[in-house]
Q: 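This is the structure, below, for whatever I ask next.
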Amino acid sequence: MPIDVNAALAAAPTVREATWTERDVILYHLGLGAGVNSLDPAELGWVYEKNLRVLPTFAMVAGQGVSAGETKPAGMNLPGIDIDLRRILHGGQSLALHAPIPAAGTATISSRVADVWDKGKAAVIVLEQSAVDDEGNPLWTNSMQIWARGEGGFGGVAGPDVSSAVPERAADKVLVSPTGPQQALVYRLSGDLNPLHADPEFATTAGFDRPILHGLASYGIVCKAVVDGLLDGDPDRMQSFSVRFAGSLYPGETLETAVWRDGNRLTLLATCPERDGQPVLTHAVMEVR
Ligand SMILES: CCCCCCC[C@@H](O)CC(=O)SCCNC(=O)CCNC(=O)[C@H](O)C(C)(C)COP(=O)(O)OP(=O)(O)OC[C@H]1O[C@@H](n2cnc3c(N)ncnc32)[C@H](O)[C@@H]1OP(=O)(O)O
């Protein structure tokens, strides 16, 4: 059986040591499209060692980049889980920051399957991770929701019913983030070498017209747009960010993010204007300070 729910839930956490340098951070930001306006000093702060800032969403790739030695696609190598990469999509993501991420550093990251939801036509595997620094101080915690097509129907719970509602009033701000046709090819060097994002033949067999952008690239692009556009360029003002990946984005398309502000809570909706405003990120909430 591709998912043995009991084995997945009973397994001990897997632990890995993550090390990253300023180059990993810069490459990650370039993969999100940073630096296009390289004469703008604020933009340079994402892509140049001097006064380098670190987007909090870097947490999702810390220690995984090609410079860390990754040469093969990350598979679903989780205890009790054996699924072909063609059947999985990134379904949702949340991240909470407990301390600023340094431009170079190390962390110990523990991962475990916290839940498996049964959506009938699919299973959603909930993978929780937590990172601590060398003194054991918490750095971040995150939860990935992995959509596994054809793996549902095992009689499990459906998971929480989460509202995707956005306020009825007009958005307080709309942020526009164009992507380039090469975007996924750069982003993948930060560690997710899934061929779905590079190989046209693989993408076709997975049911897409062509390679799609990584969900975590859209996640980082929207995070950067909010930090640049609403948080004075200060990444440490983001406390948490959760989204559902509701639709795929093709490299070269635009992310248009509507933002509603309610105190320190931002509600976001990212859509693709080239495809009649089709949703890309829904259920999106960012807590800021
Ligand atoms: C360890 C390493 C792991 C690495 C993993 C990641 C590797 C990456 O390289 C992969 C990627 O980056 S893929 C790119 C990003 N993701 C995507 O493009 C997916 C976009 N989303 C979709 O296509 C659909 O929403 C889709 C297909 C997800 C769902 O659409 P539908 O089939 O139409 O389902 P729908 O009718 O909308 O919903 C059915 C029930 O499921 C619930 N649901 C939907 N999305 C969910 C999600 N993300 N999380 C939890 N629940 C979700 C719905 O609420 C509904 O539930 P219920 O029946 O209980 O009401």
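Order of appearance sets the numbers: ligands from 1, and atoms from 1 within every ligand.
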Q: Which atoms of ligand 1 sit under 4.0 Å from any heavy atom of Leu213?
A: 14 (C)
Q: Strictly by modelled atom types, are Glu256 and Thr271 linked by a side-chain donor-acceptor pair under 3.5 Å?
A: no
Q: Which residue, Arg237, Arg261, Arg265, forms the salt bridge (charged side-chain N to carboxylate O under 4.0 Å, His left out) with Glu287?
A: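 So, applying the salt bridge (charged side-chain N to carboxylate O under 4.0 Å, His left out) to Glu287 and each of Arg237, Arg261, Arg265, only Arg265 qualifies.
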Q: Give a yes/no on ligand 1: does His283 have at least one heavy atom closer than 4.0 angstrom to it?
A: no
Q: Side-chain donor-acceptor pair under 3.5 Å between His98 and Thr141, yes or no?
A: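 Yes, Thr141 and His98 have a side-chain donor paired with an acceptor closer than 3.5 Å.
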Q: Classify the contact between Lys121 and ligand 1 as side chain, backbone, both or neither, using a heavy-atom distance cut-off of under 4.0 Å.
A: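 For Lys121, the contact with ligand 1 is made by the side chain alone.
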Q: Between atom OG of Ser248 and atom CG of Leu196, what is the distance when rounded to the nearest 0.5 Å?
A: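 Going from the OG atom of Ser248 to the CG atom of Leu196 covers 7.5 Å.
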Q: Below 4.0 Å, non-hydrogen atoms only: which portion of Ser248 touches ligand 1? Side chain, backbone, both or neither.
A: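 For Ser248, backbone and side-chain atoms both sit under 4.0 Å from ligand 1.
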Q: What closest approach, in Å, do Trp260 and Arg169 show between heavy atoms, and which atom pair accounts for it?
A: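 Looking at all heavy atoms of both residues, the closest pair is NE1-O, 2.8 Å.
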Q: Which is it for His90 and ligand 1 at heavy atoms under 4.0 Å: side chain, backbone, both or neither?
A: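 Both backbone and side chain.
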Q: May I ask which of Phe245, Trp147, Trp117 has a heavy atom nearer to atom 44 (C) of ligand 1 than the others do?
A: Trp147
Q: Would you mind listing which atoms of ligand 1 come within a distance below 4.0 Å of any non-hydrogen atom of Ile146?
A: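 With Ile146 as reference, the close atoms of ligand 1 come out as 3 (C).
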Q: Do Ile109 and Val15 have side chains that approach each other closer than 4.5 Å (heavy atoms only, starting at C-beta)?
A: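 Heavy-atom side-chain distance check fails, nothing below 4.5 Å.
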Q: Please step through side chain to side chain donor-acceptor pair (under 3.5 Å) for the pair Ser143 and Glu128, ending with a clear verdict.
A: CA-CA 4 Å; Ser143 171; Glu128 289 187 352; 4.6 Å; no
Q: In ligand 1, which numbered atoms sit nearer than 4.0 Å to a non-hydrogen atom of Asp192?
A: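 Selected atoms, number and element: 7 (C), 8 (C), 9 (O).
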Q: Which ligand 1 atoms are under 4.0 Å away from a heavy-atom of Ile212?
A: 14 (C), 18 (O)
Q: Quick test of your reading of the structure: of Arg188, His214, Lys119, Gln93, whose heavy atom lies closest to atom 55 (C) of ligand 1?
A: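 Looking at heavy atoms only, the winner is Lys119.
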Q: Could you walk me through whether Thr57 and Tyr28 satisfy the side chain to side chain donor-acceptor pair (under 3.5 Å) test, starting with their C-alpha distance in whole Å, then the side-chain angles of each, then the deciding distance to 0.1 Å, before giving a yes or no?
A: CA-CA 10 Å; Thr57 46; Tyr28 171 72; 2.8 Å; yes
Q: Under a 4.0 angstrom heavy-atom cut-off, which atoms of ligand 1 come close to His197?
A: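 Near His197, the atoms of ligand 1 are 8 (C), 9 (O), 10 (C), 11 (C), 12 (O).
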Q: Any non-hydrogen atom of Leu216 lying under 4.0 Å from ligand 1?
A: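 Contact absent.
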Q: Relative to the heavy atoms of Gly91, which atoms of ligand 1 are at a distance of less than 4.0 Å?
A: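 Those of ligand 1 that fall under 4.0 Å from Gly91 are 47 (C), 48 (N).
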Q: Side chains of Thr106 and Glu17: is there a donor and an acceptor less than 3.5 Å apart?
A: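 No donor-acceptor contact under 3.5 Å links the two side chains.
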Q: Do NZ/NE/NH1/NH2 and the carboxylate oxygens of Glu22 and Lys50 come within less than 4.0 Å?
A: no
Q: Side chain or backbone, does Leu127 bring an N or O within less than 3.5 Å of an N or O on ligand 1?
A: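 No, there is no polar N/O contact under 3.5 Å.
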Q: Could you tell me whether ligand 1 has any atom less than 4.0 Å away from a heavy atom of Gly159?
A: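 In this structure, Gly159 fails to qualify as a contact of ligand 1 - no heavy atom is under 4.0 Å.
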